[in-house]
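What you see below is based on every heavy atom in this structure, not just the backbone, and it leaves out hydrogens, waters and symmetry mates. For this chain, numbers begin at 1 and follow the sequence in order. Note that this is a predicted model, so its numbers are computed, not measured.
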Amino acid sequence: MAERLYHCPARRRITAAVHPRYVSDLEECLARRDIASVFLTGGRSVRQFLRDRPGFFPGKRKTLEDGPLELYQFTLPAHREEEILQALAGAAGFDRPGHGSVFSQPLEEYCGSEEDRGSDEKAQKVDRVEEQRRLTRDLSLLTVILSLPGSGEHLAGIALELGLCVPIITHGIGTGVRDKLGLLRITIPPRKEIVHLLIPAHDEESILRILIDEARLNAPGRGFIYSTPVDRALLDTRLRLGKQRHAASIEQIIAAIDDLRQDTSWRRRSAAGARQTQPLFRREPGQEIIALCREGAGDRIVSRALRAGAGGATVGKVRRLRFSSPSGESQACERVILRMSQGRCEGVVAAILEGAPEGALESLQIISSPRVFSHQS
């Protein structure tokens, strides 16, 4: 299987979490920019909704409100990153609150075909982007895989109270770790909620401590959290819905300062705000591995990865859209997410490449993951 894949060490993964209203504009832009195919996942965003208190009681009442999101993910050569981010921002309006977020991450990839690989050697001729938007740097993506039903909503509420970002929630099925938990596995459902949070990289450790403490990730069977680097992004700053008391919300003011400075370092918060009930558990630097495969092949890939030393995996359903096909072909696929230490990564990657069913592995993506926390008994 390995000889059928192309190894591309310098790629970018683009994730666009877009409101369904702007999906058609986004897809039209991708097709026009020669993006052959993307992987599509259904998800939801969570925001605070501010309502007046009943009667004559002063103040506002805060509730959480879910909204649908479509997550588009694809990879491309590093030299096309700026062009595509700017084009998507113009097409779907990612620079306007409430439209969604778009960000890029550096990775290495094993691609399944020349069509997916594109040209890594030379730049392609592309349309000029008229308006250049300032992209935010110095960010990290926190991925939190939670085991208990409803815990994703609780964690999203914490992130909104901290003013971090609009949380993105998707779902998956956990495998591997539950089999090692003995009687405890009976109380832990296999269905997982996956929360994605974009945060300032310089505050990563202090925010991790707050989330671990508030979401009780230091208790057994709650889940785990890890970080991956973000290269550039345009963030959705509409954290709250409802009537605004002022001409601009605090989120709009923060976004304007971010735009002027082109980073988030001015937002540094003190780590003293987190109750340090337990030292942050650090593993040696690790990797996030994502295997995108045809439907039904995920179990075999997970089995090979576990035998090679992976601790567990989360499998989710995705659809592959091919814009290069005249009919806009859609194919059911699976996404296998693994996070492991640096020392085990090479063996797991080799096992997946060698053991995947013939023609089933669409893409294997590897991205650095400097921090992780999970419960240890």
Side-chain angles (χ1 to χ4, degrees), residues 1-15 34-41 71-81 84 104-122 141 143 172 226 228-229 231 285-324 331-369:
M1 185 66 188
E3 68 273 11
R4 295 181 178 271
L5 298 178
Y6 298 89
H7 180 224
C8 305
R11 300 275 284 179
R12 294 293 185 271
R13 179 170 70 203
I14 307 294
T15 301
D34 297 324
I35 303 298
S37 65
V38 301
F39 291 92
L40 174 62
T41 309
L71 268 71
Y72 290 78
Q73 283 193 324
F74 57 93
T75 60
L76 42 68
H79 65 258
R80 296 199 66 193
E81 174 188 20
I84 294 298
S104 65
Q105 295 182 275
L107 50 73
E108 63 175 297
E109 182 181 27
Y110 293 85
C111 302
S113 69
E114 286 282 11
E115 178 186 58
D116 299 327
R117 179 175 179 247
S119 173
D120 280 11
E121 290 79 27
K122 59 181 180 180
L141 175 67
T143 302
Y226 65 90
T228 50
D231 195 15
Q287 305 277 4
E288 177 193 65
I289 298 176
I290 293 184
L292 292 157
C293 60
R294 295 181 183 174
E295 189 175 33
D299 287 344
R300 182 167 172 181
I301 288 175
V302 169
S303 177
R304 295 282 301 187
L306 294 179
R307 286 203 297 269
T314 304
V315 182
K317 301 292 184 182
V318 298
R319 285 192 297 125
R320 182 174 185 174
L321 304 181
R322 292 183 183 272
F323 297 122
S324 57
Q331 177 187 13
C333 294
E334 292 177 333
R335 177 182 57 197
V336 179
I337 304 174
L338 307 110
R339 199 283 178 192
M340 66 200 62
S341 62
Q342 188 77 44
R344 296 182 179 181
C345 182
E346 185 175 348
V348 171
V349 168
I352 293 174
L353 293 174
E354 294 171 5
E358 184 72 20
L361 188 61
E362 303 284 351
S363 169
L364 189 66
Q365 303 169 4
I366 306 161
I367 184 169
S368 170
S369 176

Which value, rounded to the nearest 0.5 Å, describes the distance between [X] atom [atom1] and [Y] atom [atom2]?
X	Y	atom1	atom2	result
E81	I14	CD	CD1	5.5 Å
Q331	S37	CD	OG	9.0 Å
T75	L107	OG1	CG	7.0 Å
E346	I366	CD	CD1	9.5 Å
L338	L364	CG	CG	9.0 Å
I290	T314	CD1	OG1	10.5 Å

Heavy-atom closest pair, residues L321 and Y72: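 Taking L321 first and Y72 second, the nearest heavy atoms are CD1-CE2, 4.1 Å.
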Could you report the tightest heavy-atom contact between P357 and A297, atom names first, then the distance?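 Looks like CG-CB, 4.1 Å.
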Looking at I352, L353, L306, which one forms a side chain to side chain contact (heavy atoms under 4.5 Å, CB included) with I301?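 It is I352; the other options fail the test.
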Just wondering, do [Y] and [X] contact through their side chains at under 4.5 Å, heavy atoms?
X	Y	result
F39	R335	no
V349	Y110	yes
I337	R339	no
P106	D231	yes
R12	Q105	no
Q365	R11	no
Q73	T41	no
E108	C8	no

Verify, without hydrogens or angle tests, whether Q287 (side chain) and C345 (backbone) share a donor-acceptor contact under 3.5 angstrom.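 No, Q287 side chain to C345 backbone: no donor-acceptor pair under 3.5 Å.
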Determine whether a donor-acceptor pair (N or O, by modelled atom type, separation under 3.5 Å) exists between the side chain of R294 and the backbone of G359.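 Answer holds: yes.
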Set out, in order, the CA-CA distance, both residues' side-chain angles and the distance that settles side chain to side chain donor-acceptor pair (under 3.5 Å) for T228 and E288, then state yes or no. CA-CA 8 Å; T228 50; E288 177 193 65; 5.0 Å; no
